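What follows is a set of notes on a single structure, which appears directly below.
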Number of protein chains: 2
Amino acid sequence: MKNNKDIDALVKFSKALGHPIRIAILKHLATQTTCCTGDLVGVLPLAQSTVSQHLKELKKAGFIQGEVIPPKIKYCIHQENWNMAKALFQHFFDGCFVTNRSIIDDH
Amino acid sequence: MKNNKDIDALVKFSKALGHPIRIAILKHLATQTTCCTGDLVGVLPLAQSTVSQHLKELKKAGFIQGEVIPPKIKYCIHQENWNMAKALFQHFFDGCFVTNRSIIDDH
DNA sequence: ATGTCTTATCGTAAATTTACGATAGGTCTT
DNA sequence: AAGACCTATCGTAAATTTACGATAAGACAT
């Protein structure tokens, strides 16, 4: 946790994880070999537009990616970013007790 | 990540981490042997009431605890819950991928 | 008791998030 | 070209979050 970019990333990831539906989506995606919006709509107690909105948030955070397979869109975990998020949280919880300088900007 | 209680806890922790000021507070608390509200107010670009509000959120999430040492209140990381959060995130990022079928079964 | 110091809470406005139905867009099939 | 299918986006209302100043609450000192 050395710079502001890491903090921003941590905040970004945390925000995305801060809703039970999005956790559910990620867990579902992680256990499916293939999964499109419609599948999630069928499982979640939400309107299609709302599910799409949550998918958009997860995509914006970098957790997932979509692949167009007409007429559907297959979603899956963005493995690289997933690992990055995992490392960020890990370092935060571990390394929060090692170095720190300025509270706002620890260059 | 077996039940809803874990998911709720994960969401609760994620929400608390979903704001840069709160990350800054946690990082600051983690490196101070002692730290009260006033110290944080002096360092953060926010009003006292706002800092107090963020501290309340962090306390609600379980990340921190306050000890009254008149006339101040000393805050510190709630170690037990901190470790619990760490474990939760770890299991979430790890355990979401107990199986990797992509090698055996494409799409 | 009064005043001081520190922090929490109240009241509020502005911004953001969440949810929905309706609609638009893109691709394939006929 | 028309229709069917799937998903994203738009417009929106309700709920939540964030920030502030003002005020209250608690403990000590005078």
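Protein chains get the first letters and strands the later ones, always in sequence-line order, with residue 1 at the start of each. Treat the numbers as computed from the prediction; the structure is a model and nothing was measured.
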With rounding to the nearest 0.5 angstrom, report the [atom1] to [atom2] distance, [X] to [Y].
X       : Y       : atom1 : atom2 : value
B:Lys74 : B:Lys72 : NZ    : NZ    : 12.5 Å
B:Gln32 : B:Lys27 : CD    : NZ    : 12.0 Å
A:Lys59 : A:Ser52 : NZ    : OG    : 7.5 Å

For B:Phe13, the ring-ring contact (aromatic ring centres under 6.0 Å, His included) test, sequence neighbours excluded, returns B:Phe63
Whole angstroms only, please: what is the [atom1]-[atom2] distance between [X] and [N]?
X       : N      : atom1 : atom2 : value
B:Glu57 : C:dT7  : CD    : P     : 19 Å
B:Glu67 : C:dT7  : CD    : C1'   : 15 Å
B:Ile25 : D:dA19 : CD1   : C1'   : 13 Å
B:Leu17 : D:dT17 : CG    : C1'   : 16 Å

Looking only at side-chain N and O atoms, does [X] come under 4.0 Å of OP1 or OP2 in [N]?
X       : N      : answer
B:His54 : D:dT17 : no
A:His19 : C:dA19 : yes
A:Lys15 : D:dT17 : no

Would you classify A:Leu46 as touching base, sugar-phosphate or nothing, given that sugar-phosphate means primed atoms plus P, OP1 and OP2, and contacts are heavy atoms under 4.0 Å? sugar-phosphate
Taking B:His91 for its side chain and B:Ala87 for its backbone only, find out whether a donor-acceptor pair lies under 3.5 Å. yes
Contact state string [nucleotides 3-12 of chain D, B base, S sugar-phosphate only, - no protein heavy atom under 4.0 Å]: ---SBBB---
Sequence neighbours excluded, which residues qualify as side chain to side chain contact (heavy atoms under 4.5 Å, CB included) partners of B:Val51? B:Thr37, B:Leu40, B:Val41, B:Leu44, B:Leu46, B:Leu55
Checking side chain to side chain contact (heavy atoms under 4.5 Å, CB included) for the pair A:Val11/A:Asp8: CA distance, chi angles, key distance, verdict? CA-CA 5 Å; A:Val11 167; A:Asp8 289 345; 5.6 Å; no
The side-chain hydrogen bond (donor to acceptor under 3.5 Å, both in side chains) partners of B:Lys12 (sequence neighbours excluded) come to none
Net bend of the helix from C:dA1-D:dT30 to C:dT30-D:dA1, end axes of five pairs each, nearest 10 degrees: 10°
Which residue pairs pass the ring-ring contact (aromatic ring centres under 6.0 Å, His included) test with at least one member in residues 34-59 of chain B, sequence neighbours excluded? B:His19-B:His54
